[in-house]
Amino acid sequence: MNPISRKAPTHSSAEAQRRLAYFNQCRDEIVSTIRELVEIESPSDNKAAADRLAETVAQQFSQLGGDVQIHQAKDFGNHLQVDFPGNAAAKPLMLLGHYDTVYPLGTLATMPCRAVGNKLTGPGVLDMKSGIALVLHALAALQDWHKEDCHGGLPRPVTVLLVSDEEVGSDSSRAITESLAKKAAAVLVLEPSYGSQGAVKTARKGVGDYLVKVTGKASHAGLDFQKGVNAILELARQIEKISSFTDLKKGLTVNVGTVSGGSRTNVVPAEATAQVDVRIARIKDAAGIDKKMRSLRPFNRKCKIEITGGINRPPMERTAGVAALYAQAAAIARDLGWKLGEAAVGGGSDGNFTASLGIPTLDGLGAVGDGAHAPHEHILISELPRRAALVAGLIEAV
Ligand SMILES: [Zn+2]
């Protein structure tokens, strides 16, 4: 194959087309890598299963010459860090993702990894095992294109971090993600892209979880009605109040997602609880909504209210650094012959952690598809080559 220029954003369209042709040729290989990853199930809550996948992924990265480091996790699969050398004077580029899925062990039986027309199905195929495969193939291609260069053509060191607990809040991996991000020049997140056109994500809302627990007093609804203190009635009033905290103009939403309480119809209920999901678009709104939640006081003084929880992921805001990364990605896509869109989404990822540290972060660089976390989860096979070309281009350009 013809030599390919190193300078991704400025290389001619002809070179871009050669890159695309390269990935078109190895499209079936990319699909079989994805299949291999999907067929090793890796639910967040099953360490043994998750570790099996981590071992396979570690092997694949070490075959590419990456230096694999295992971060032991007690309750989750081990987190995988892989370092590739590059110009040591430059700060590393961080490629971030997760290998856990929301699907319990055995899901493959009803949701097999299968290619049907242009769709490839399976648990976690979109979110985000295809993203891991894209990283593997983008790095392999760069090594192939730049065999003669030192460091396999990497203009700066590359650190890949794949965690095992993203789908359950990333408590055990967050510190690792943040410490690696602090050393990085930028972070590329291989989570699924947005929509049918595969937009990247330049803003994500921050996420909080609260539990509101009301305690009243039980009594016989017929014999002793007036001795009871109805916790459900109190919670209902609180729900009205909590829901009024939503401020759509600020991109702040408060959703009471579950309620429970009471024991039987003839008992005045002594307990009621609600789980509340909070989303914020701007970090400056975090303290305010947290204070409002914690300041809830009982309408009926005979009731007791306990509030637990807090803001778990800060928002990923579209900073100048994020916008500049997007501009680079859009230029690479343009060279490859397509228009890469951007989107602001309500869901969080580990990119929220890195972006809120001020490290330029671009998310949604993974596959194009639909149905993440749902039985119809799938990716579009035809989109894989240009996604791989985009990731490879960014690794070179950033
Ligand atoms: Zn994900």
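Whatever order the structure lists them in is the order used to number ligands and atoms, beginning at 1.
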**OP:** For A54, check side-chain contact (heavy atoms from CB on, under 4.5 Å) against everything at least two apart and list the hits.
**Re:** L80, Y99
Original post:
Taking the N/O/S atoms of E191 one by one, which is nearest to the Zn ion (ligand 1)?
Top reply: OE1
Original post:
Of all the atoms in E167, is at least one N, O or S atom closer to the Zn ion (ligand 1) than 2.8 Å?
Top reply: no
Original post:
Any N/O/S atom, backbone or side chain, of D127 lying under 2.8 Å from the Zn ion (ligand 1)?
Top reply: yes
Subject >> Spacing of C113 atom SG and H378 atom NE2 [to the nearest 0.5 Å] >> reply: 13.0 Å
Subject >> Enclosure of F225 CZ (heavy-atom neighbours >12, cutoff 6.0 Å) >> reply: no
Subject >> Residues that R264 engages under side-chain contact (heavy atoms from CB on, under 4.5 Å), provided they are two or more places apart >> reply: N266, V267
